[in-house]
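As structure tokens, the structure follows; a few thoughts come after it.
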Amino acid sequence: MVKLCQGFLGEGQEVEKVIYFTASPLNPEKSSRQSAFLNANKLINGNRFEVVRGKYLDKQIQCPNCHYAISRPEEKKTDVNISVRMIAYCVLDATDTIVLVSADSDLVPPLEFIQKQYPEKRIKVYFPPSNFSCDLKDNLTHHSSKPVLMYKNERRFRDAIMPDVVTDDTKRYEVPEKWRPANIVR
């Protein structure tokens, strides 16, 4: 993840830290794969990679017509964790640029707060592939900026692919077989 972020830097810029906000999937197999991915990133990048976890809670959704109810997982705390951290880095004067990789429009209010209270801080927003937010785009446009569409940067993704095996003296993480390039159907 650090290498991917470094691929978007301009001259004279450097990545101090990548903070990855997520919640562990409820599916044990997906959770295991996510943990291996995050742990491999931590092994490669050390203190330059931090994981902040939210959680999933089951939310009951009921049809207003037939009253049939289903349970659907809902991610909790992630957008709040992102908001608090962005604002804290500004308050503590611990950054000059915030780079948000998200298309979650719930993050517009903290961006507006930072833009008003800390106008000297630069804000960049990168939309992950297959994600877009008109609210975030409109906020950036209002502040003479625009989002970066990551899907237009395939080379940067390819350049940041980790090796199939990441290891040190005590730990070993291996890319799941179905994630390897030869097994990906295009």
Side-chain angles (χ1 to χ4, degrees), residues 1-25 29-53 75 78-79 81-82 85-86 89 94-108 111 114-115 121-168 171-186:
M1 294 307 299
V2 172
K3 190 172 182 180
L4 175 63
C5 292
Q6 287 172 325
F8 286 91
L9 293 178
E11 190 173 322
Q13 295 178 318
E14 75 177 68
V15 174
E16 292 286 327
K17 180 184 268 192
V18 171
I19 306 170
Y20 193 92
F21 297 86
T22 189
S24 294
E29 186 179 321
K30 288 181 180 180
S31 181
S32 176
R33 286 194 309 262
Q34 183 196 55
S35 290
F37 169 73
L38 297 174
N39 288 333
N41 267 280
K42 183 72 176 157
L43 188 64
I44 291 170
N45 298 297
N47 292 333
R48 295 179 66 202
F49 184 76
E50 178 183 349
V51 178
V52 176
R53 292 191 181 272
E75 193 171 356
T78 298
D79 54 354
N81 285 335
I82 294 168
R85 189 64 69 98
M86 286 190 308
Y89 271 67
T95 189
D96 59 354
T97 304
I98 291 174
V99 178
L100 174 65
V101 181
S102 177
D104 186 344
S105 62
D106 288 345
L107 297 169
V108 170
L111 291 181
I114 293 166
Q115 289 158 336
K121 303 295 182 188
R122 293 186 63 214
I123 296 174
K124 295 182 176 185
V125 177
Y126 292 75
F127 290 156
S130 303
N131 289 280
F132 190 86
S133 166
C134 288
D135 292 337
L136 279 169
K137 179 192 76 67
D138 291 347
N139 170 274
L140 293 171
T141 301
H142 181 75
H143 290 87
S144 303
S145 185
K146 61 182 182 177
V148 173
L149 306 175
M150 294 182 83
Y151 78 87
K152 292 185 174 184
N153 293 278
E154 184 177 344
R155 179 190 52 81
R156 289 182 171 105
F157 281 94
R158 290 192 182 285
D159 290 348
I161 293 174
M162 286 189 284
D164 287 348
V165 177
V166 175
T167 186
D168 70 3
K171 297 175 186 149
R172 176 186 170 90
Y173 301 102
E174 192 167 335
V175 172
E177 189 66 35
K178 65 183 179 181
W179 286 7
R180 295 185 186 198
N183 296 317
I184 296 175
V185 178
R186 294 182 195 258

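Quick note: numbers below take in every heavy atom, side chains included, and nothing from hydrogens, waters or symmetry partners. All figures in this text were calculated on a predicted structure; none of them were measured in a lab.
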Exercise: do Gln34 and Thr22 side chains pair donor with acceptor under 3.5 Å: yes
Please check if the number of heavy atoms outside Lys30 that lie under 6.0 Å from its NZ is greater than 12. no
Can you tell me if CG on Asn47 sees more than 12 non-hydrogen neighbours from other groups inside 6.0 Å? no
For the residue pair [X] and [Y], what are the closest heavy atoms and their distance?
X      : Y      : value
Thr95  : Lys121 : O-NZ, 2.6 Å
Arg48  : Val2   : O-CG2, 3.5 Å
Ser31  : Pro25  : CB-O, 3.4 Å
Arg156 : Leu4   : O-CD1, 3.7 Å
Ala23  : Glu75  : N-OE2, 3.5 Å
Val175 : Pro163 : CG2-O, 3.7 Å

What distance separates [X] [atom1] from [Y] [atom2], expressed to the nearest 0.5 Å?
X      : Y     : atom1 : atom2 : result
Leu107 : Ile82 : CG    : CD1   : 5.0 Å
Lys124 : Gln13 : NZ    : CD    : 4.0 Å
Tyr20  : Leu38 : OH    : CG    : 6.0 Å
Lys3   : Asn45 : NZ    : CG    : 10.5 Å
Asp106 : Thr78 : CG    : OG1   : 11.0 Å
Asn39  : Phe49 : CG    : CZ    : 9.0 Å

Is the shortest side-chain heavy-atom distance between [X] and [Y] below 4.5 Å?
X      : Y      : result
His143 : Ile123 : no
Phe127 : Leu136 : yes
Ser102 : Phe21  : no
Lys17  : Tyr89  : yes
Met86  : Leu111 : yes
Asn139 : Gln115 : yes
Lys146 : Leu140 : no

Under the criterion side chain to side chain contact (heavy atoms under 4.5 Å, CB included), I'd like the reasoning laid out for Lys171 against Lys42: C-alpha separation, chi angles, the key distance, then a yes or no. CA-CA 11 Å; Lys171 297 175 186 149; Lys42 183 72 176 157; over 6 Å; no
